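All values below come from the heavy atoms of this structure, side chains included, with hydrogens, waters and symmetry mates left out. These numbers come from a predicted model, not from an experiment. Quick note: residue numbers are just sequence positions, from 1.
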Amino acid sequence: MKTIDELLSEGVAGKRVFVRADLNVPLDGTTITDDGRIRAVVPTVKALADAGARVIVASHLGRPKGAPDPVFSLAPAAARLGELLGAGVAFAEDTVGTAAESTVAGLADGQVAVIENLRFNAGETSKDDTERAAFADKLAGLADVYVGDGFGAVHRKHASVFDLPKRLPRYAGHLIATEVGVLRKLTDDVKRPYVVALGGAKVSDKLAVIDQLLGKADRLLIGGGMAYTFLKAQGHEVGISLLQEDQIPTVKEYMERAEKNGVELVLPVDVLVAPEFPDLKTKAPANPATVAADAIPADQEGLDIGPETRKLYASKLADAATVFWNGPMGVFEHPDYAEGTKAVAQALLDAPGFTVVGGGDSAAAVRTLGFDENAFGHISTGGGASLEYLEGKTLPGLAALED
């Protein structure tokens, strides 16, 4: 695929450049609680603006139902992008209507505009090819060139990600080029030992990537809510912990395959438990107890890995030449259950090799828990996209950028 460096060398002054970004940031009302995804697209937007392009930034935010919804407006993201660029950013209150057309028409060379949430139009996410194409045609009318830089959306077959780039000269932005380069390090000529730490709530979200990693990784460390399905598959009581009982047969098969393939599959040896889920708003003290992973009381819920597991996982990461981590080890949003995730993050920093934080909640945890983002080898902006790439799937947004 062609990259933005090639576009810049060709010259973009005066051209309308449509940048499909990922500004899907978490909001508390209109307050952005984590601006990592906005910061990630700044290098691409700034490079284009500095070269004299008229930059049109577009993104989705949340899951509106194909119609305008002020709760999901991109206005706060547009304002934050302007702050990060140190320049005014125009904002159009629609996607392909009169506001977008007039806002784009009013751009001078080097100026930037953000159009409203793409998902306010049903054509963006439609499964009907004709409806999606019609929306893509309207978007194409706003621009002369397409730059894909929303890595967190490249696994979606959406109009702005899949259909639009086919209608314009297309290039990969700095972020997508970087993300793809990093993921290739996790799939081609991987340096070993290769250790993967997987957490998060549902084991079903990770089954496909585990399936692939059983033939590639040297060690798999399992934590988070998904760990309890593994513990149950071993025959242990998991109390009222998160459990996907229908996945137990698959998990058992994966555990057998790991042993057969010589992949070390490491599960928690102790966990923090409590009789109920903590209050994440007040963050009132939860007073958890630590119990052995094979001795969870029937009326208790596992909410984080315990101190012995933290030490164990750190030891399994200590010699890693390549690390991929996706998914927190517990309910990191509450201070009483943040230590497991914090320990894994610290172990990545201490590891001698190339470390990748695989987007999503893991990336949010790194920032929430106060770690220096630059200390990691790479922090991905797309958890789902990263996982699907590692699963070996063809990602629509990347395929559309190919020559």
Side-chain angles (χ1 to χ4, degrees), residues 1-10 17 19-24 36-48 51 59 145-156 161-162 165 169-198 209 212-213 215-218 320-326 348-349 351-360 362-363 366-367 371-403:
M1 65 180 70
K2 291 183 179 180
T3 69
I4 186 176
D5 290 333
E6 294 171 81
L7 172 60
L8 293 170
S9 69
E10 295 165 6
V17 181
V19 178
R20 204 322 181 168
D22 180 8
L23 308 181
N24 185 28
R37 284 177 170 166
I38 303 175
R39 285 185 284 113
V41 80
V42 166
T44 289
V45 175
K46 188 174 188 310
L48 290 167
S59 176
V145 180
Y146 178 92
V147 172
D149 215 34
F151 181 73
V154 293
H155 58 314
R156 306 294 188 194
V161 175
F162 179 73
R170 53 196 180 274
Y171 302 82
H174 288 310
L175 176 61
I176 280 187
T178 298
E179 293 272 14
V180 171
V182 166
L183 288 169
R184 283 177 177 156
K185 290 185 180 181
L186 301 178
T187 53
D188 305 329
D189 299 320
V190 181
K191 293 184 179 179
R192 299 185 180 280
Y194 178 22
V195 186
V196 176
L198 295 176
V209 76
Q212 287 291 315
L213 290 169
K216 296 177 181 177
D218 297 299
T322 305
V323 182
F324 176 73
W325 168 36
N326 180 278
L348 260 71
L349 293 182
F354 182 61
T355 56
V356 179
V357 180
S362 308
V366 164
R367 290 187 277 268
F371 288 93
D372 178 5
E373 295 177 65
N374 296 320
F376 297 88
H378 179 70
I379 297 181
S380 179
T381 57
S386 295
L387 289 175
E388 290 198 15
Y389 189 100
L390 294 182
E391 289 166 19
K393 290 184 178 179
T394 297
L395 305 187
L398 296 184
L401 289 173
E402 296 292 343
D403 296 335

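Just one of V17, V145, T44 meets the side chain to side chain contact (heavy atoms under 4.5 Å, CB included) condition when paired with I4; it is T44. Here the options are E10, K2, E6, the test is side-chain hydrogen bond (donor to acceptor under 3.5 Å, both in side chains), and the partner is Y171; only E10 passes. A side chain to side chain contact (heavy atoms under 4.5 Å, CB included) with L395 is found for exactly one of L401, V154, L183, namely V154.
Counting all heavy atoms, side chain and backbone alike, F151 lies closest to A385 at O-CB, 3.4 Å. Closest approach of A363 to I379, counting heavy atoms only: CB-CG2, 3.6 Å. A40 and P43 make their closest contact through O-CD, 3.5 Å (heavy atoms, listed as atom of the first residue, atom of the second, distance). Annotation for L198 and L213: closest pair CD1-CD1, 4.5 Å, computed over non-hydrogen atoms. Taking each heavy atom of A172 and M1 in turn, the nearest pair found is CB-SD, 3.5 Å.
Without hydrogens or angle criteria, D218 side chain to Y194 main chain gives a donor-acceptor distance under 3.5 Å. In this structure, D149 contributes its side chain and L175 its backbone to a donor-acceptor pair below 3.5 Å. Side chain of T381 to backbone of R37: no donor-acceptor contact under 3.5 angstrom is found. For the pair R170 (side chain) and A400 (backbone), a donor-acceptor distance under 3.5 Å is present. A donor-acceptor pair is defined here as one N or O able to donate and one able to accept, closer than 3.5 Å; no such pair exists between the side chain of D22 and the backbone of A153.
By the side-chain contact (heavy atoms from CB on, under 4.5 Å) test, R39 is found to be paired with D35, L84, R367, E373, residues two or more places apart in sequence or in another chain being considered. In this view, H378 and E179 satisfy the side chain to side chain donor-acceptor pair (under 3.5 Å) rule, not counting sequence neighbours. Remark: V180 pairs with I176, R184, Y389, L398 by the side-chain contact (heavy atoms from CB on, under 4.5 Å) rule, at least two apart or across chains. In this structure, S59 has no side chain to side chain donor-acceptor pair (under 3.5 Å) partners at least two apart in sequence or on a different chain. Judged as a side chain to side chain donor-acceptor pair (under 3.5 Å), and not counting sequence neighbours, T355 has no contacts.
Within the 4.5 Å cutoff, side-chain heavy atoms of L8 are placed close to those of L48. Taking 4.5 Å as the limit, every side-chain heavy atom of V357 sits out of range of all side-chain heavy atoms of F371. Side-chain contact between D5 and H174 is present, with heavy atoms from C-beta onward closer than 4.5 Å.
With values rounded to the nearest 0.5 angstrom, F324 atom CZ is found 5.0 Å from L390 atom CG.
Among pairs with a residue in residues 378-400, those fulfilling salt bridge (Lys or Arg N to Asp or Glu O under 4.0 Å) read E391-K393, at least two apart in sequence or across chains.
With a 6.0 Å cutoff to the six-membered ring centre and a 45° limit on the axis angle, K185 counts as a cation-pi contact of F354.
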Q: Give the C-alpha distance, both sets of side-chain angles, the deciding distance and a yes or no for side chain to side chain contact (heavy atoms under 4.5 Å, CB included) between L349 and F376.
A: CA-CA 6 Å; L349 293 182; F376 297 88; 3.6 Å; yes
